[in-house]
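Throughout, protein chains are lettered first and strands after them, A, B, ... in sequence-line order, and every chain is numbered starting at 1. This structure is a prediction, so every number in the text was calculated from the model and none was measured.
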Amino acid sequence: MPLVRIDINAGRSVAELEAVSDRIHGAIVDEYGIPSRDLFHILTEHPAGQLRAQDAGLGFERSNDVVMIQIFTQAGRSQEAKNALFARIASGLSEVGVAGEDVFIGYLENSPGDWSFGFGRAQYVTGELGVPVF
Amino acid sequence: MPLVRIDINAGRSVAELEAVSDRIHGAIVDEYGIPSRDLFHILTEHPAGQLRAQDAGLGFERSNDVVMIQIFTQAGRSQEAKNALFARIASGLSEVGVAGEDVFIGYLENSPGDWSFGFGRAQYVTGELGVPVF
Amino acid sequence: MPLVRIDINAGRSVAELEAVSDRIHGAIVDEYGIPSRDLFHILTEHPAGQLRAQDAGLGFERSNDVVMIQIFTQAGRSQEAKNALFARIASGLSEVGVAGEDVFIGYLENSPGDWSFGFGRAQYVTGELGVPVF
């Protein structure tokens, strides 16, 4: 179920966009053990100046390659699991040219019954999909 | 209060976009009993390749007509109410040509005090709006 | 950490967009005491008809200048703090030409461990950033 919003500056090629999306998805599959077809990404390209991401005082600068990631998914995973996911996303993105400085992630939680994958049914409630346990 | 984000592939006419938005709003009005002017939608069209929505393993394929819906609203409604809303959204969208396969919904909850409809006031807290009870 | 999504109708100049973003950020800095470099905004411009924001029955009309704001941040602040933030956002935006009628705000909460500002680390968990207390 994770729904992932990815906001980036315009200028990447279609192949580059897909690589970014693929690496984020691969990280979630690897760390959270979700099915490979549990893929729900919304990418949005922005003209210059519409993404603003500073460093929260950590002492680094971002580039125009910044990738702003917002993950919406089921509550209940441990902080350790989240930490591992964040690290895997950054390492995956580094393999497609995104520096660590340029990976921003925010995470929001909801419940299995808050998802409908099609046909107006809440498939984790109907039993069509098994609820992830962790 | 529901704030609804609707992400779709570019290519629909303005009238088609409005029909999609209207059907989603009508479903919320019908199922949740919100006022008809409690309408807050953010539609975003995307170039090809920027919306990725598979089937979570359920065994179906989506088309380019996929409608990705994210609903932000007050916590506390029952799963039965959510189920009815999801079903009504899908049936409403089917009447404007969106197949059940193409309706993806994610739902996020907050509190009445988390909304300001104008003038910097939290109208459910000030009493200008009655807090929905259910 | 606040991540702020700002959705507006196309037509403002780059300077006007920046003024809107700056005023929202300034309000958060002033009211919540966050560092000035704790700035994470995603602005999205929309063609006509894609932002729909009515009045929830309060009895006013919005203009095309409507600013739809979604704030994602750490849970735990009081309603009084949120009220003050909403008021400050509206007063700040009024100074750059946005009427009170045109300020819509929704607020979503998560936890300090739900943020990674770079390098795949959750900096509020690692201790690189101090967790805000309030």
Closest heavy-atom pair and its distance - [X], [Y]:
X      : Y      : result
B/A90  : A/F119 : CB-C, 3.8 Å
B/H46  : A/L43  : ND1-O, 2.8 Å
B/A56  : A/P35  : O-CG, 4.4 Å
A/A122 : B/Q79  : CB-NE2, 4.1 Å
B/R52  : A/E18  : NH1-O, 4.0 Å
A/R37  : B/F60  : NH2-O, 3.7 Å

* Flag the one option from B/L108, B/N83, B/I71, B/I89 with the top tally of heavy-atom pairs under 4.5 Å to chain A. => B/L108

* Asked: Can you tell me how far NE2 of A/H41 sits from CG of B/L51, rounded to the nearest 0.5 angstrom?
  -> 11.5 Å

* To do: Would you check, one step at a time, whether the test side-chain contact (heavy atoms from CB on, under 4.5 Å) holds for A/L3 with B/Q70?
  => CA-CA 9 Å; A/L3 170 64; B/Q70 204 176 16; 3.6 Å; yes

Below 4.5 Å from any heavy atom of chain B, which atoms of [X] appear? Answer side chain, backbone, both or neither.
X      : value
A/Q123 : side chain
A/E109 : backbone
A/F117 : both
A/I42  : both
A/S36  : backbone

* Structure fact -> Max heavy-atom pairs within cutoff under 4.5 Å with chain B, candidates A/D22, A/V14, A/I34, goes to A/D22

* Can you check whether B/D7 reaches A/R5 side chain to side chain, under 4.5 Å on heavy atoms? -> yes

* For residues B/Q54 and A/D38, determine if any side-chain heavy atom of one lies less than 4.5 Å from a side-chain heavy atom of the other. => no

* To do: Report the C-alpha separation of B/Y107 and A/W115 in whole Å, then their side-chain angles, then the decisive distance to 0.1 Å, and conclude whether the side-chain contact (heavy atoms from CB on, under 4.5 Å) test is met.
  => CA-CA 6 Å; B/Y107 193 104; A/W115 298 95; over 6 Å; no

* Structure fact -> So, the part of B/D55 with a heavy atom under 4.5 Å from chain A: the answer is both

* Structure fact -> Turns out that what part of B/R88 lies under 4.5 Å from chain A's heavy atoms comes down to neither

